[in-house]
Amino acid sequence: MPDMKTGNSDNLNAATDLNPSGSSSSGGSFFALLLPLVFIFLHLILQSFVALMLANQGLNWDQSLFSALADPVSSQTLQEALAQPDLMAKTSLLTGLILLPILAFFIWRRSKRNPRIFLHKRTDAHTVGRVLLLSFSAQGLAYVWLMLLDLLARQFDFISLRLAHYVELMEKLGGQAVSPLLLISSSALMVPLIEELIYRAISMGEYSRALSRKTTILTQAFIFGLVHGNLVQAVYAFILGLVIGYIYWESENFYLAFLAHAFFNFLGGVLPQWFLPNSPVIVALRILQILMFLILLAQHFREARSHDQGF
């Protein structure tokens, strides 16, 4: 992968940097692992609540959100709401507006005790270009995964069913017009901002106090993929989580992680809304993204082989 480092990275692997206090207790480690899950859970619950409200489902005065979500009618309403691009965009935007001040306040308070929360080291234009290139190629890897799933679906029924469900969902989302301003504001701005604050700024900041570099990146990417639900989205969300986790760790810059995520969502979620699925623009873009991924992958193995030979 392209080098994101803008300075000496030895401090990233130092135990004193991962745990500024210089000591680690089992209680502190458990708290560091648990804390991000609280915000992930809060995000999911708040998103469900907002979706139900916007879908005019509402809650009775004696009905909790959990009982509403357990109700088959409410569950069906929620699924239908999140399959409507306009309502889904409004849900994401409103959820983000509610959650943003909560996350900002927590990060402000928590960063006084954990300096690895919300890293924002200075960067340069060269690094920004490499980040955009990585994000662009991550889309190529996502398309390679979809092509692999298509091949596996011919052999395995359970994969075929999940792929068919994903295709049906994408057709519903792509079959309805959404205001470009609303789509960009939610998919390419608010969603990446909230998810980067939770999964990179908070999660990686806390996990790095108890886990190694690789385990930190893998853990947050696994959880990031898991919350995306279905098999298809879970895997390419995991891929995206790995790429952005790598970017955030190496660059120590939250804004670069946000930029990579926003660019990924724009290419995969916003731009296709303006073209037909098999239009020349979209086909050419996908081919270029796959080629870029293969080029970066070959470059990575070449550099790794050269490094091994050097020792």
Side-chain angles (χ1 to χ4, degrees), residues 1-4 36 40 43-44 129-153 156 159 162-163 165-167 169-170 173 187-188 191-201 203-204 207-208 211-251 253-254 256-272 282 285-301 303-304:
M1 286 184 177
D3 191 1
M4 293 293 117
I40 293 169
H43 182 213
L44 296 175
R130 287 180 173 270
V131 164
L132 292 175
L133 191 62
L134 271 176
S135 180
F136 186 82
S137 64
Q139 277 281 349
L141 181 54
Y143 290 130
V144 169
W145 164 243
L146 290 176
M147 289 188 292
L148 177 61
L149 270 184
D150 187 53
L151 293 175
L152 293 174
F156 303 99
I159 294 180
R162 283 159 177 77
L163 185 59
H165 174 72
Y166 171 78
V167 171
L169 177 63
M170 291 299 103
L173 294 177
S187 181
V191 170
L193 178 59
I194 295 299
E195 291 185 344
E196 289 311 305
L197 287 173
I198 293 175
Y199 293 96
R200 256 59 71 178
S203 294
M204 290 186 65
Y207 293 156
S208 65
L211 305 173
S212 68
R213 169 185 180 271
K214 289 183 178 180
T215 308
T216 293
I217 295 175
L218 283 171
T219 301
Q220 60 82 30
F222 175 77
I223 297 174
F224 185 61
L226 196 63
V227 300
H228 279 76
N230 63 68
L231 174 67
V232 180
Q233 289 176 299
V235 172
Y236 72 67
F238 173 73
I239 293 168
L240 179 63
L242 287 178
V243 172
I244 300 181
Y246 168 81
I247 290 171
Y248 184 60
W249 186 284
E250 295 298 321
S251 68
N253 189 299
F254 170 83
L256 289 179
F258 166 72
L259 177 64
H261 196 159
F263 190 52
F264 184 94
N265 280 14
F266 178 81
L267 292 175
V270 177
L271 196 61
I282 297 300
L285 182 65
R286 289 179 178 177
I287 292 174
L288 185 59
Q289 288 168 329
I290 293 172
L291 288 176
M292 187 57 64
F293 161 69
L294 294 175
I295 290 171
L296 290 182
L297 186 65
Q299 179 185 355
H300 172 75
F301 281 116
E303 291 176 353

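For clarity, every value in this text was computed on a predicted model and none was experimentally measured.
- Not counting sequence neighbours, the partners of Ile290 by the side-chain contact (heavy atoms from CB on, under 4.5 Å) test are Tyr143, Val144, Met147, Leu294.
- Looking at heavy atoms from C-beta onward, Tyr199 lies out of side-chain contact with Leu240 at the 4.5 angstrom threshold.
- Taking CG from Leu141 and OH from Tyr236, the interatomic distance works out to 12.5 Å, rounded to the nearest 0.5 Å.
- Figure legend: cation-pi geometry between Arg162 and Phe156 absent, as NZ or CZ is not positioned both under 6.0 Å from the six-membered ring centre and within 45° of its axis.
- Considering CG of Leu242 and CZ of Phe224, their distance stands at 10.5 Å, rounded to 0.5 Å.
- Sorted by first and then second residue, the side chain to side chain donor-acceptor pair (under 3.5 Å) pairs involving residues 144-153 (not counting sequence neighbours) are Asp150-Arg154.
- Residues Phe136 and Leu288 meet the side-chain proximity criterion, which asks for heavy atoms closer than 4.5 Å.
- Taking CD from Glu196 and CD1 from Ile247, the interatomic distance works out to 9.0 Å, rounded to the nearest 0.5 Å.
- When every heavy atom of Leu133 is checked against every heavy atom of Met292, the shortest pair comes out as CD1-SD, 3.5 Å.
- Atom NE2 in His43 sits 10.5 Å away from atom CG in Leu197 (nearest 0.5 Å).
- Remark: Phe254 pairs with Phe118 by the ring-ring contact (aromatic ring centres under 6.0 Å, His included) rule, at least two apart or across chains.
- Not counting sequence neighbours, the partners of Ile287 by the side-chain contact (heavy atoms from CB on, under 4.5 Å) test are Val283, Leu291.
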Practice problem: Give the intermediate values and the outcome of side-chain contact (heavy atoms from CB on, under 4.5 Å) for residues Glu195 and Phe258. | Solution: CA-CA 9 Å; Glu195 291 185 344; Phe258 166 72; over 6 Å; no

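- Leu271 meets the side-chain contact (heavy atoms from CB on, under 4.5 Å) test with Phe266, Leu267, Trp274, Phe275, Leu285; sequence neighbours excluded.
- Contact detail for Gly241 and Ala221: the closest heavy-atom pair is C-CB, 3.7 Å.
- Applying the ring-ring contact (aromatic ring centres under 6.0 Å, His included) criterion to Phe264, with sequence neighbours excluded, gives no partner residue.
- Taking OG1 of Thr216 as the reference point, atom CH2 of Trp249 lies at 4.5 Å (rounded to 0.5 Å).
- In this structure a side-chain-to-backbone donor-acceptor pair under 3.5 Å is missing from Gln220 to Arg200.
- To the nearest 0.5 Å, the span separating OG on Ser135 from NE2 on His261 amounts to 8.5 Å.
- Contact detail for Leu134 and Leu296: the closest heavy-atom pair is CD2-CD1, 4.3 Å.
- Closest non-hydrogen pair, Asn265 versus Ser187, comes out as ND2-O, 2.9 Å.
- The shortest heavy-atom contact between Ser203 and Pro36 is OG-CB, 3.2 Å.
- When all heavy atoms of Ser137 and Phe293 are compared, the closest pair comes out as O-CB, 3.4 Å.
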